[in-house]
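What follows is a single structure, written as structure tokens, with notes after it.
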Amino acid sequence: TERPRTGAYDDFYPKPGEGHFVCRGCGNPLYSVEAKFKSGCGWPAFDKCYKGGVATNVDTSHFMKRIEIVCAKCDGHLGHVFEGEGMTATNERHCVNSASVKYIKGEVPAMEEETVAHK
């Protein structure tokens with residue numbers, strides 16, 4: 001995990017419809033630009049993902065229980081999802097490592113978006 005506020009996409013906010021984020025490992029579409037929001041946590045934050053783009057695992061490392069998010073296609077670690085903070089209408093914050101995603105400018109996939117915490 002990168003240190004907070006050091007990743008390329010932490011303070012990066014493209015205009016809606018201008019592009020999307022994919023898994024850096026395999027190119028799987030993960031997040032729309034519209035799903036990205038300023039959370040102040042120090043890592044890129046998204047409140048929903050493309051349907052089928054992200055899978056979850058229970059992470060019990062560091063003496064706590066968290067929900068890990070991984071790419072549904074290649075199982076690459078993306079970060080963690082947190083619930084109940086009230087920051088957006090979905091009530092989810094996907095805290096994502098910049099190193100695990102890549103921004104693709106241009107055509108946006110015509111894909112549904114979903115939340116993942118209660119899958």
Side-chain angles (χ1 to χ4, degrees):
T1 299
E2 62 209 13
R3 291 190 323 262
R5 294 173 186 64
T6 62
Y9 300 123
D10 177 40
D11 199 26
F12 176 74
Y13 298 94
K15 293 178 184 161
E18 209 175 66
H20 64 289
F21 294 85
V22 300
C23 173
R24 188 173 295 274
C26 72
N28 186 34
L30 301 172
Y31 298 104
S32 70
V33 167
E34 292 80 5
K36 191 168 187 312
F37 70 99
K38 190 173 188 98
S39 71
C41 69
W43 291 274
F46 301 87
D47 69 347
K48 57 189 163 290
C49 59
Y50 287 127
K51 191 169 187 170
V54 173
T56 61
N57 299 312
V58 175
D59 176 3
T60 56
S61 65
H62 304 290
F63 307 103
M64 62 181 104
K65 184 178 178 182
R66 300 180 292 174
I67 301 171
E68 177 191 27
I69 47 178
V70 297
C71 173
K73 186 175 177 183
C74 74
D75 206 36
H77 176 78
L78 301 172
H80 292 87
V81 63
F82 300 93
E83 303 175 84
E85 298 173 325
M87 293 183 174
T88 70
T90 68
N91 215 14
E92 282 191 6
R93 174 174 55 95
H94 296 221
C95 187
V96 177
N97 290 295
S98 287
S100 66
V101 296
K102 181 179 177 184
Y103 175 69
I104 304 295
K105 188 172 183 170
E107 191 173 327
V108 177
M111 298 173 72
E112 265 186 74
E113 292 178 295
E114 66 180 353
T115 57
V116 298
H118 293 290
K119 278 183 148 180

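Starting from 1, each residue takes its place in the sequence as its number.
Of the candidates Glu113, Met111, His94, Cys49 forms a side chain to side chain contact (heavy atoms under 4.5 Å, CB included) with just one, namely His94. Checked against Pro44 for a side chain to side chain contact (heavy atoms under 4.5 Å, CB included), the options Phe37, Tyr9, Phe21 give a single hit: Tyr9.
Side chains of Val54 and Val70 form no contact here, defined as non-hydrogen atoms less than 4.5 Å apart. Two residues are said to be in side-chain contact when any heavy atoms from C-beta on lie closer than 4.5 Å; Asp10 and Arg5 meet this criterion. The side-chain heavy atoms of Val101 and Leu30, taken from C-beta on, include a pair separated by under 4.5 Å.
For Cys95 against Cys41, the heavy-atom pair with the smallest separation is SG-SG, 3.9 Å. Here the closest heavy-atom approach between residue Tyr50 and residue Pro109 is recorded as OH-CD, 3.6 Å. When every heavy atom of Ser98 is checked against every heavy atom of Glu2, the shortest pair comes out as N-OE2, 2.6 Å.
The backbone N or O of Asp47 lies less than 3.5 Å from a partner atom in the side chain of Thr90, making a donor-acceptor pair. Under a 3.5 Å cut-off, the side chain of Asn57 and the backbone N or O of Glu68 do not form any donor-acceptor pair. Listed for the Arg24 side chain is no donor-acceptor partner under 3.5 Å among the backbone atoms of Ser100. When atom types are taken as modelled, the side chain of Glu85 and the backbone of Arg93 share no donor-acceptor pair closer than 3.5 angstrom. Panel note: side chain Glu34, backbone Gly17; a donor-acceptor pair is recorded below 3.5 Å. Panel note: side chain Glu92, backbone Val116; a donor-acceptor pair is recorded below 3.5 Å.
When hydrophobic clusters are built by joining Ile, Leu, Val, Met, Phe, Trp and Tyr residues whose side-chain heavy atoms come closer than 4.5 Å, directly or via intermediates, Leu78 is not grouped with Trp43. Residues Val33 and Val96 share a hydrophobic cluster, clusters being chains of Ile/Leu/Val/Met/Phe/Trp/Tyr side chains in contact below 4.5 Å.
Electrostatic pairing of Asp59 and Arg66 counts as a salt bridge here, judged by a charged N lying under 4.0 Å from a carboxylate O.
The CZ atom of Phe46 lies 9.0 Å from the CD1 atom of Ile69; values are rounded to the nearest 0.5 Å. For the atom pair CG (Asn97) and CZ (Arg3), the distance works out to 12.5 Å, reported to the nearest 0.5 Å. A distance of 14.5 Å separates NZ in Lys102 from NZ in Lys105, rounded to the nearest 0.5 Å. With rounding to the nearest 0.5 Å, the separation of NE2 in His77 from CG in Asp75 is 11.0 Å.
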Q.
Go through it in stages, so that I can follow the logic: the residues are Glu114 and Lys48, the test is side chain to side chain contact (heavy atoms under 4.5 Å, CB included), and I'd like the CA-CA distance, side-chain angles, deciding distance and then a yes or no.
A. CA-CA 5 Å; Glu114 66 180 353; Lys48 57 189 163 290; over 6 Å; no
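For Tyr103 and Phe12, the gap between ring centers is short of 6.0 Å.
A cation-pi geometry, defined here as NZ or CZ lying under 6.0 Å from the six-membered ring centre and within 45° of its normal, holds between Lys36 and Tyr13.
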